[in-house]
Amino acid sequence: MGLQSSTHRRAWTVAAASVVAAILVSGVSYAYWSSTASGTATIGSTTAQPLVVSSIATPLADLYPGKTDDLGFTVKNDNAYPVRVTALTGVSVASSDSAACPVSNLTLSSAISPIPVGGYQLTPVVTVAGGGGTATGTLPGLVQMNTTAGDGCQGKTFTFTLTFSGTQQ
Amino acid sequence: MSPAKLGTAAALAAVSLAMPGVAQASFSATAAGTAAIASTTLRNGTGLAAACAQGAVKGIVLTWTASPDAFVTGYVVRRSINGATPVVLATVSALTYNDATAQTAAKGDTYSYTIAAVVQSWSTSPSAAVSRSWPAPQGKCV
């Protein structure tokens, strides 16, 4: 009996050590996901997947000198749980023809660029269902083409690299 | 910490894992990627026509149909005389233009016209040219 008890305690010790190790590994794997992640969460669940932002199905193609456009985006969530995307935390833009139409021909909304402390709060918040769910959001009035933009800016594509933050719902 | 207490801690951890919804509530999430906007390609007016003016109006009267781009603010009218380099006559917002100076055309002259839609600093390429001439010996616009 005493041997059995000792063996049982050793088994618990091994189990405890394994869980602690798993927590530490989990903390590393979630480092990208969140700097505030708690080490006690989701052990034994699948690895968290970063949400993916892409263009909406039919992006606007109507920018011209003096015109201001919204930017629509789609967020895909491959995690098992829903996520609320609440704030834009980073934005940059590139032109499909930086020689004929550099991005200096564009002006980003002063509400968004530079990004406010704590991020630009999305209204409404974008809630994305888990399991590969998608949802769309809009950055209203994000970009204006300057009135001085030349003919080289006709028919060009401007790609915005966006970073958002949010919370699990 | 004794092995027994570690065992208790492990048991508690196992319980918390059984309630992932509670644990996940403290997580934040990030999302990243790209989205795009494109600029349009300006479209010109169509159906440019040149008519020899009759009656009170003299010269050449140009007419055309508006660009499908509602934001177009005007049209640049250019004229070439006898194949010379085109020159800008005017920029107009209307869909017609009267080249009154054409009434002074000489016998044998040919006047050719184009239009180009504009908005701010953008412009389309000139349209296909339309022409009128004053063939000798009569020198009447045809």
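Below, chain A is the first sequence line, B the second, and so on; all start at residue 1. Everything quoted here is computed from the prediction, not taken from an experiment.
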>> Restricting to side-chain hydrogen bond (donor to acceptor under 3.5 Å, both in side chains), what partner residues turn up for A:Ser109, sequence neighbours left out?
In response: none
> Where does A:Asn146 contact chain B at under 4.5 Å (heavy atoms): side chain, backbone, both or neither?
Replying inline: neither
>> Please tell me whether B:Val77 and B:Val118 are part of a single hydrophobic cluster in this structure, the criterion being side-chain heavy atoms less than 4.5 Å apart.
In response: no
> Given the rule that I, L, V, M, F, W and Y join up when any side-chain heavy atoms are under 4.5 Å apart, are B:Tyr113 and B:Leu95 in one cluster?
Replying inline: yes
>> Which heavy atom of B:Val119 sits nearest to which heavy atom of A:Pro65, and what is that distance?
In response: O-CG, 4.4 Å
> Listed by residue number, which members of residues 147-161 of chain A have a heavy atom under 4.5 Å from any heavy atom of chain B?
Replying inline: A:Thr147, A:Thr148, A:Ala149, A:Gly150, A:Asp151, A:Cys153, A:Gln154, A:Gly155, A:Lys156, A:Thr157, A:Phe158, A:Thr159, A:Phe160, A:Thr161
>> Nearest 0.5 Å, please: how far is OG1 in B:Thr34 from CG in A:Leu162?
In response: 7.5 Å
> Do B:Val130 and B:Tyr111 belong to the same hydrophobic cluster, where Ile, Leu, Val, Met, Phe, Trp and Tyr are linked whenever their side-chain heavy atoms lie under 4.5 Å apart, directly or via other members?
Replying inline: yes
>> Within this structure, what is the OH-CH2 distance for the pair A:Tyr64 and B:Trp122, rounded to the nearest 0.5 Å?
In response: 9.5 Å
>> Testing the basics here: between B:Ala36 and A:Ser55, what is the closest heavy-atom pair and its distance to 0.1 Å?
In response: N-OG, 2.8 Å
> Taking a hydrophobic cluster as the set of Ile, Leu, Val, Met, Phe, Trp and Tyr residues connected by side-chain heavy atoms closer than 4.5 Å, whether directly or through intermediates, do A:Val103 and A:Leu71 fall within one such cluster?
Replying inline: yes
> If you measure from CD1 on B:Ile37 to CG on A:Leu60, what distance do you get to the nearest 0.5 Å?
Replying inline: 6.0 Å
> Of the backbone (N, CA, C, O) and the side chain (C-beta and beyond), which part of A:Val143 lies under 4.5 Å from a heavy atom of chain B, both, or neither?
Replying inline: side chain
> Any chain of hydrophobic side-chain contacts (each under 4.5 Å) joining B:Tyr75 to B:Leu89?
Replying inline: yes
